[in-house]
Protein chains: 2
Amino acid sequence: MTPESLIRAFQEVLGEAHVLTEAADQAPYLVEWRDRFKGSTPMVLRPGSTAEVAACMKLADAHDVAIVPQGGNTGLVGGQIPKNGESEVVLSLSRLNKIRSVDPLGRTMTVEAGTILQTIHERAEEHDLIFPLTLGAQGSCQIGGNIATNAGGTAVLSYGNTRELVLGLEVVLANGDVWEGLRTLRKDNTGYDLKQLFIGSEGTLGIITAATLRLFTKPSAVEVALCGLDSPHQALSLLSVAQKHAGHMVTGFELLPQVGMQFSVKHQGNARYPMSEEHPWYVLLELSCGSKDIDLASLTEAIFEEAFEEELLNDAVLAQSTTQADDFWRLRHGMSEVQKCEGGSIKHDVSVPVVEVPAFLDEAIAAVEAFVPGCRPVPFGHMGDGNIHFNISQPVGVDKQAFLAQWDAVNEVVHGIVAKYGGSISAEHGIGVLKRDLLPGVKSPVEMAMMRAIKQTLDPKGLLNPGRVL
Amino acid sequence: MTPESLIRAFQEVLGEAHVLTEAADQAPYLVEWRDRFKGSTPMVLRPGSTAEVAACMKLADAHDVAIVPQGGNTGLVGGQIPKNGESEVVLSLSRLNKIRSVDPLGRTMTVEAGTILQTIHERAEEHDLIFPLTLGAQGSCQIGGNIATNAGGTAVLSYGNTRELVLGLEVVLANGDVWEGLRTLRKDNTGYDLKQLFIGSEGTLGIITAATLRLFTKPSAVEVALCGLDSPHQALSLLSVAQKHAGHMVTGFELLPQVGMQFSVKHQGNARYPMSEEHPWYVLLELSCGSKDIDLASLTEAIFEEAFEEELLNDAVLAQSTTQADDFWRLRHGMSEVQKCEGGSIKHDVSVPVVEVPAFLDEAIAAVEAFVPGCRPVPFGHMGDGNIHFNISQPVGVDKQAFLAQWDAVNEVVHGIVAKYGGSISAEHGIGVLKRDLLPGVKSPVEMAMMRAIKQTLDPKGLLNPGRVL
């Protein structure tokens with residue numbers, strides 16, 4: 001089939017308006033926000049229903065067309081951008097953006113894949129419920145992409161990864177069949193739990209078109225504190241004290257280094273130091289709770305009392321208003337953004353067992369400082385889950401491109417230390433294109449073979465997001 | 001290969017002592033405790049290490065020998081018993097019973113598949129931690145079987161199914177390869193989450209030989225109450241009130257019917273009515289919490305105060321000692337056992353969305369009473385997860401076998417109502433042999449095809465637990 005007749009065939013399925021072939025129309029789908037991944041495509045498909053996604057996939061299957069599913073285009077590993085000159089067709093889920101149903105009593109919501117995460121938050125709040133998945137891109141990322149990448153974010157400590165928040169899925173398979181797996185049950189042991197295969201498979205095994213999500217009681221009380229500490233070792237002990245007092249109510253535990261705070265104060269509008277003095281490390285601690293019977297403020301006091309007694313803290317400020325709490329969180333969420341103002345940044349999204357975070361940080365910081373003299377490590381993130389965004393800002397005054405040219409070599413240094421601690425080279429962003437070549441280095445041949453066999457089974461022609469993950 | 005030379009080949013791998021061929025030695029492996037499933041086997045293999053399991057599987061693969069993996073032999077759907085006259089070889093994991101490591105700080109434990117659940121509980125408690133999986137058979141069931149069946153139990157409400165408690169697995173595949181998937185990370189998005197395939201697959205995709213489990217803070221306070229109510233509708237409202245006050249600290253919410261309580265008082269040694277009057281329904285409510293700062297007793301009071309005000313309760317007794325709390329739990333855990341004393345019992349392990357439990361019970365009780373006049377429905381179980389063991393004791397005085405002959409017909413009645421509420425015909429026991437023929441009736445052809453394709457991929461010769469699940 002010629003490219004032109006293929007375009008016409010898709011137009012017959014979706015209507016001309018929803019098959020984008022003009023460069024200007026395609027542009028937003030072909031590059032991600034950091035300009036790191038750019039590509040080209042013969043067309044961008046914008047189906048409006050599950051049936052249309054299925055029809056597109058049947059057509060793709062009949063004519064061996066590679067399909068790149070795309071949600072909000074906020075992925076960080078290139079999984080959603082078509083490759084240059086490879087005739088990969090983008091299939092955008094954006095028009096599948098209906099909230100199909102909300103069950104406030106059963107605390108579930110069934111949404112289509114293109115629903116923006118923020119919209120889900122707002123809809124849940126109308127019922128005094130929350131959908132806990134929380135991340136920087138929530139204003140534009142789509143739930144289908146969140147599920148396909150098993151997104152993490154800042155609430156994993158208490159609520160789990162996206163995987164734990166999904167009860168059921170509807171998926172279009174490589175041959176265009178629709179798997180109706182939308183369920184609302186907490187317990188169901190009838191055969192293999194197939195949804196688990198699609199969650200986190202980055203669009204390589206099927207196209208998620210809808211999901212049933214778990215909702216939770218909206219916290220009636222929230223306490224947010226910013227703590228100044230000398231070291232990640234103290235932070236680990238602080239986490240332990242916090243969990244001893246407040247258990248599951250410790251809903252956020254984020255680590256920030258001094259240099260990151262300095263970047264924020266310098267580059268983020270309105271940001272200012274929350275404490276009179278600077279500290280080598282900071283922890284953003286959030287406690288929240290849905291019960292009015294529990295006095296969260298005195299729980300927080302008990303944590304700080306013990307932490308000061310044990311000399312785990314230099315200083316701590318409790319947010320006195322939701323505005324101040326939001327300010328503290330903005331310091332954390334702006335961490336990637338402010339690094340842009342300091343030149344190039346080499347990034348890692350790694351995890352190690354929680355108890356190993358301090359040792360890992362000591363070793364990895366020393367190693368990259370030795371490898372790139374003058375570089376400025378800005379490791380930050382979800383210490384409560386062992387997930388650190390180990391970013392390194394370039395030395396002041398050096399050439400950005402020359403620094404970035406060391407990306408792979410620096411990765412190798414850091415990932416070597418991650419391996420030593422039994423860690424992961426992709427804690428929450430996935431593999432995509434960016435880390436595909438690294439995967440065989442961290443997985444056994446048996447595991448690679450199993451993954452390839454499953455890919456071959458569910459997508460025998462290799463049409464779904466080819467060259468991503470595997 | 002002749003049967004004799006096959007036995008010799010396995011003896012060469014395991015030593016003669018660990019290949020059981022005598023009827024007396026084999027007996028405990030060939031029947032389950034209710035006498036419902038009985039079988040025969042040419043031999044019972046008792047490997048002592050993962051390497052020996054792998055060697056057995058390589059031999060089985062070379063000679064097309066069907067293998068039935070067996071843990072503590074407590075499964076309820078016949079998955080672990082070899083079929084009569086089919087030359088299926090039993091592979092017992094009992095000798096793989098080492099606790100390989102405990103990490104109290106990181107709160108993980110790595111155990112071999114044959115480790116008894118109770119042993120894991122005890123080892124966790126040595127570190128003031130718990131492994132929350134709790135079920136009647138915990139003194140004899142093995143963790144490998146718990147994982148292979150994604151066991152549920154009484155703590156799912158707060159801690160999740162077994163699936164949520166597993167961080168990593170070691171699995172021997174159908175061809176004898178060993179997949180080293182033991183991990184201790186909370187976040188890891190490097191490729192497909194393969195452990196999910198084996199969890200709940202009932203030994204049909206691989207043999208689990210070891211697992212890394214999540215541990216949790218041991219509750220410092222526990223409150224157990226027995227509540228008398230008029231209906232499951234009140235129980236649902238009580239659940240909602242309890243969770244509003246105590247959220248995640250509501251760790252048990254079990255429903256019991258009046259007739260079940262009567263059976264217990266009649267047949268269970270030492271059991272007696274906990275309240276002065278009888279009630280149509282009972283709820284066993286457990287609250288627990290690891291923080292000494294939280295006053296669980298006053299939380300419990302607040303729940304009861306609101307519940308009495310809202311007229312959700314007739315009466316409630318708070319256990320005044322751990323002995324009394326244990327007595328309350330014994331009433332619940334003995335529910336299956338005491339039914340044996342009342343003759344035949346037709347059973348269902350079903351779930352519906354939690355909010356539908358009362359409507360489901362109304363409808364299902366009426367339906368079976370109409371279908372088998374005089375029968376005595378004893379629905380009990382994990383109301384907080386929507387999982388009801390919908391058991392029906394025979395009418396008084398009728399022939400047991402005649403009653404049990406209606407098993408399939410009664411199943412059809414109950415499962416029809418389950419389907420109406422979007423429920424599951426196997427909430428926690430799995431499919432095994434017992435429900436295999438029912439599976440295509442509750443799954444779409446697309447889903448059945450996907451499951452068969454995965455089975456074909458991971459076990460192309462169909463050697464692992466053939467005829468179970470699929």
Evaluate the side-chain proximity of A:R163 to B:E164: yes if any heavy-atom separation is below 4.5 Å, no if none is. no
Given the options A:T217, A:L299, A:L438, A:L236, which has more heavy-atom pairs under 4.5 Å with chain B than any of the others? A:L299
Quick one: closest heavy-atom pair of B:K187 and A:S351, and the distance? O-OG, 2.7 Å
Most heavy-atom pairs under 4.5 Å with chain B, out of A:N161, A:V352, A:L167, belong to A:N161
Between B:T149, B:T108, B:N387, B:L458, which residue shows the highest count of heavy-atom pairs closer than 4.5 Å to chain A? B:N387
State, yes or no, whether a side-chain contact exists between B:L194 and A:I454 at a heavy-atom distance under 4.5 Å. yes
Greatest number of non-hydrogen atom pairs under 4.5 angstrom with chain B, of A:H245, A:H429, A:M249, falls to A:H245
For residues B:L105 and A:V354, determine if any side-chain heavy atom of one lies less than 4.5 Å from a side-chain heavy atom of the other. no
Side-chain heavy-atom pair B:K455, A:Y192 within 4.5 angstrom cut-off: yes
For the interface with chain A, which of B:D103, B:D295, B:V156 has the highest count of heavy-atom pairs at distances below 4.5 Å? B:V156
Can you see which heavy atom on B:V469 is nearest to which on A:G191, and at what distance? CG1-CA, 4.0 Å
I want to check something: taking the side chain as every heavy atom from C-beta on, are A:D193 and B:I199 in contact at a cut-off of under 4.5 Å? no
B:E428 versus A:D188: any side-chain heavy-atom pair under 4.5 Å? no
Without hydrogens or angle criteria, can the side chains of A:K244 and B:S291 be said to hold a donor-acceptor pair below 3.5 Å? no
Side-chain contact test, heavy atoms from C-beta onward, threshold under 4.5 Å: evaluate it for B:E180 versus A:V446 and give yes or no. no
Option that, when pairs with chain A are counted at under 4.5 Å, heavy atom only, ranks first among B:G247, B:S201, B:G181: B:S201
For chain A, which candidate among B:R436, B:K292, B:R183 shows the most heavy-atom pairs at distances under 4.5 Å? B:R183
One option among B:V350, B:D349, B:L205 has the most heavy-atom pairs under 4.5 Å with chain A, and it is B:L205
Mind checking whether A:K435 and B:N189 have side chains closer than 4.5 Å, heavy atoms only? no
Let me know if A:F198 has heavy atoms under 4.5 Å from chain B in its side chain, its backbone, both or neither. side chain
I need the residue from A:V178, A:I425, A:I431 with the largest number of non-hydrogen atom pairs under 4.5 Å to chain B. A:I431
Over all heavy atoms of both residues, which pair between A:A302 and B:D293 is shortest? Give the atoms and the distance, please. CB-OD2, 3.8 Å
So which of A:Q456, A:M448, A:K443, A:E356 has the largest heavy-atom pair count under 4.5 angstrom toward chain B? A:K443
A:S426 and B:T190: side chain donor to acceptor below 3.5 Å: no
Give the minimum heavy-atom separation between B:T184 and A:P353, together with the two atoms involved. OG1-CG, 3.3 Å
Rounded to the nearest 0.5 angstrom, the CG-CE distance for B:L197 and A:M450 is 8.0 Å
